[in-house]
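Every chain is numbered from 1 and lettered A, B, ... according to where its sequence line falls, protein lines coming before strand lines. All values below come from the heavy atoms of this structure, side chains included, with hydrogens, waters and symmetry mates left out. Computed from a prediction, not measured in an experiment: that's the story for all the values here.
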Amino acid sequence: MLDITNEIEDSAPLKQFNITLNSYEGPIDLLLELARKQKVDLSEISILELTEQYINFINEYQDIHLEIAADYLVMAAWLTYLKSRLLLPKEEKSEDHTPEELEEALKYQLQRLEAFQSVSKKLYKRPLIGRDVFYGGSSEGLKVKYNITYSSTLFDLLRAYSSIIQQEEKPSNLTIAFSELYSVDNAIQRLKSIFGEVTEWTNFLNLIPKFNSNKIVNKSILSSNFVASLELAKNGFIDVKQNNVFGNIFVKLRKS
Amino acid sequence: MITNRDTKILEAILFASGSPILEDDLKDKMLNKKDFKQEIDNLKEFYKDRGINLIKTGNKWSFRTSESIKDELTIFKTQKRKLSRAAIETLSIIAYQQPITRSEIENIRGVQMGRGSIDHLMEIGWIKPSGRKNIPGKPALWVTTELFMEHFGIEKISDLPNKDELKASGFLEKRSAIATITDIAGKNDLIEDQDTEEEETLDDFIPEETST
Amino acid sequence: MITNRDTKILEAILFASGSPILEDDLKDKMLNKKDFKQEIDNLKEFYKDRGINLIKTGNKWSFRTSESIKDELTIFKTQKRKLSRAAIETLSIIAYQQPITRSEIENIRGVQMGRGSIDHLMEIGWIKPSGRKNIPGKPALWVTTELFMEHFGIEKISDLPNKDELKASGFLEKRSAIATITDIAGKNDLIEDQDTEEEETLDDFIPEETST
């Protein structure tokens, strides 16, 4: 048997804003951490307040980090829904669950996770073999007879089998690496957000994001923004003009 | 003080073995087997406040160093790897709720099991699969092992710390409070069309099996 | 009786080390080093008539089992060994795909087997032949035994995690699989990395640790 001693990795709780979501074990864990900041008994917690904190947290986090795990977004949407149910006047029994029931269910889930987190810490603080307490002894002076047993474990067996299956189905996964290239969708959104101020003819090149050191990425910035500007022109959002072939392109907001 | 021969025998075997020994194997070596209970209890009492203690875990007995001097024994520490918070939480959920399926664990933690929890715990030898739950899909049920009890110095699973409190608070029932977030995510591809939060899609969030 | 902290420390260190320890090293660990002589003499006296005694050899101290019971007491120690990689792979294929013929196993593993693995697994008592396959040559079919299930702690063959569960539990995760294997390979030489020499697998086993 493996003689392993383990240490819990300390996971950093909310320190300041630029924390990463990686320190949380999922949305419930994050909610729990936010709830702890309310510093009241979990059974007294204001779910409405907690919901707002969570949604704010996710929004701000998204502004900075863009990518966010689906789980967290789904929870945010669920909480948005819960919030609306809690705030809106009660409908006539059209739903299976009242907002209070949902609120109660969420509280239960929070309390249950908290309970398990706390016992897991207690459990891990127990004197552990190989870390706090040790076996020992020696059989010097006694007659010893040896016999052989096999210590292969179920883990070994499963691992052996898994490696066999894995060999059989080797080329099944293709992972597509995250692309740094700029998409047209992004460019459209970005241009839309800045065109409010572009009321005079402006050189297109001044409106696109700063180039970086990667040529291919730069090309994608240029082309995605170009396509985006054509798209916006087509929709009547902006005007585009080019005075001569290969000359500078100018754009401005179309006055409605 | 004159030490009884059986006491000496038990002491010597337990000392020489260096790892836990089955109660029955100990009894086997004694001259007066019927005295086992009394002998072992005496021994346990005798070593209670010493540098080594006699401990029962599962149905095995062993000498181990006293936890009261763990700080002085760090020289023997064989720290080899870290256990993640996910793994230790998963372990305690299995310990308290066993037998339990993977998706029940996920439900409590509110997050899908990442890699490296179940397989890692199994590699250490602390959990194992035991039977299957009689529900659609017949998922494997996980339980803790004897080795887990040995390593954590637990005599019986019912002795786990705070087990009664957890039970009294209803946290040991396996009801799913809110259908697992990931479950919901799997059923509705919400994320893809997230820019419009229409009331209709939001309705899909209503958990199917919420109970209060 | 209240045991002094230094007494406990000496006791625990002597016990945990398992081999004789230099007097100076023992002194080093004490809180009141000047009391060493008195402490160790007390301990020696304390264990004089017990199943384990405290002995000085040269300038080293150690606990050892008492001379007085050595003639009657034989300790059976178990030498633990791991199966060779060929054997554990073969065993896992039989476990999952039983009943199965030898050439079917070879097909899956992609290597020819000597008699070694199968013979050896049969010798341990984990597999047995069970009938013959109704194809030309009527090869023997292999299945796992009750003893196999006992050893690996499963109740039914169907308890073994299926492919999806292996995946979900992290066994098929490429990254973690590699990490795990190299981790272990570095620290404990669990499995001989040899595909060949089936006939000699018996000698390939690595004695691991011993216990009663």
Side-chain angles (χ1 to χ4, degrees), chain A residues 1-9 11 22 25-26 69-71 120 126-178, chain C residues 12 14-19 52-53 62-67 69-71 73-83 85 87-89 91-93 95-96 108-110 124 126 151-154 160-161 163 166-167 169 171-172 174 177 180-181 184 187-188 190-191 205 207-210 212:
Chain A
M1 195 47 64
L2 294 173
D3 180 26
I4 291 178
T5 309
N6 305 284
E7 289 293 327
I8 273 191
E9 283 172 6
S11 54
N22 295 338
E25 292 286 338
D71 287 2
S120 80
R126 288 179 73 88
L128 258 177
I129 290 290
R131 183 187 69 187
D132 309 311
V133 295
F134 303 88
Y135 294 138
S138 117
S139 46
E140 237 180 300
L142 278 189
K143 279 183 276 184
V144 179
K145 279 189 180 166
Y146 287 95
N147 61 350
I148 292 164
T149 63
Y150 293 93
S151 60
S152 296
T153 62
L154 188 56
F155 175 81
D156 300 331
L157 188 81
L158 298 183
R159 198 182 53 192
Y161 193 64
S162 301
S163 72
I164 292 165
I165 311 178
Q166 205 149 32
Q167 274 164 20
E168 282 178 352
E169 55 168 34
K170 234 179 214 156
S172 63
N173 289 339
L174 173 66
T175 314
I176 297 173
F178 171 68
Chain C
L14 284 163
F15 170 78
S17 102
S19 55
I52 49 180
N53 308 142
S62 64
F63 275 127
R64 55 183 294 173
T65 47
S66 164
E67 287 278 326
I69 42 172
K70 95 184 231 193
D71 291 335
L73 198 58
T74 305
I75 296 236
F76 289 91
K77 285 208 170 191
T78 303
Q79 233 179 0
K80 290 187 177 176
R81 292 176 170 181
K82 287 271 181 186
L83 286 175
R85 177 167 147 197
I88 191 85
E89 280 186 18
L91 181 63
S92 73
I93 292 168
Y96 273 91
I108 294 168
R109 293 195 53 228
I124 303 173
W126 287 344
H151 178 90
F152 289 95
I154 47 177
L160 289 171
K163 196 167 149 182
L166 285 175
K167 201 169 269 175
S169 309
F171 282 95
L172 283 172
K174 205 163 187 190
T180 316
I181 289 163
I184 296 166
K187 281 152 194 160
N188 322 328
L190 288 181
I191 292 178
F205 297 130
E208 237 203 353
E209 56 181 286
T210 50
T212 312

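With a 4.5 Å cut-off on non-hydrogen atoms, A:I164 touches chain C through its side chain but not through its backbone. For C:F63, the part sitting under 4.5 Å from any heavy atom of chain A is the backbone (N, CA, C, O) and nothing else. For chain A, the nearby part of C:I154 is the side chain; its heavy atoms alone come within less than 4.5 Å. Interface residue A:F134: backbone and side-chain heavy atoms are both found under 4.5 Å from chain C. Proximity to chain A (any heavy atom under 4.5 Å) is shown, for C:L14, by neither the backbone nor the side chain.
Side-chain contact check for A:T153 versus C:K82: some heavy-atom pair is nearer than 4.5 Å.
Between A:Y161 and C:Y96, the two ring planes are parallel [angle under 30°; tilted spans 30° to 60°].
Proximity of a side-chain donor or acceptor of A:S151 to a complementary backbone N or O of C:K80 within less than 3.5 Å is not detected.
Between A:F155 and C:F171, the gap from one ring centroid to the other is short of 6.0 Å.
The side-chain contact (heavy atoms from CB on, under 4.5 Å) with C:S92 is formed by just one residue from the set A:L157, A:I165, A:L158; it is A:L157.
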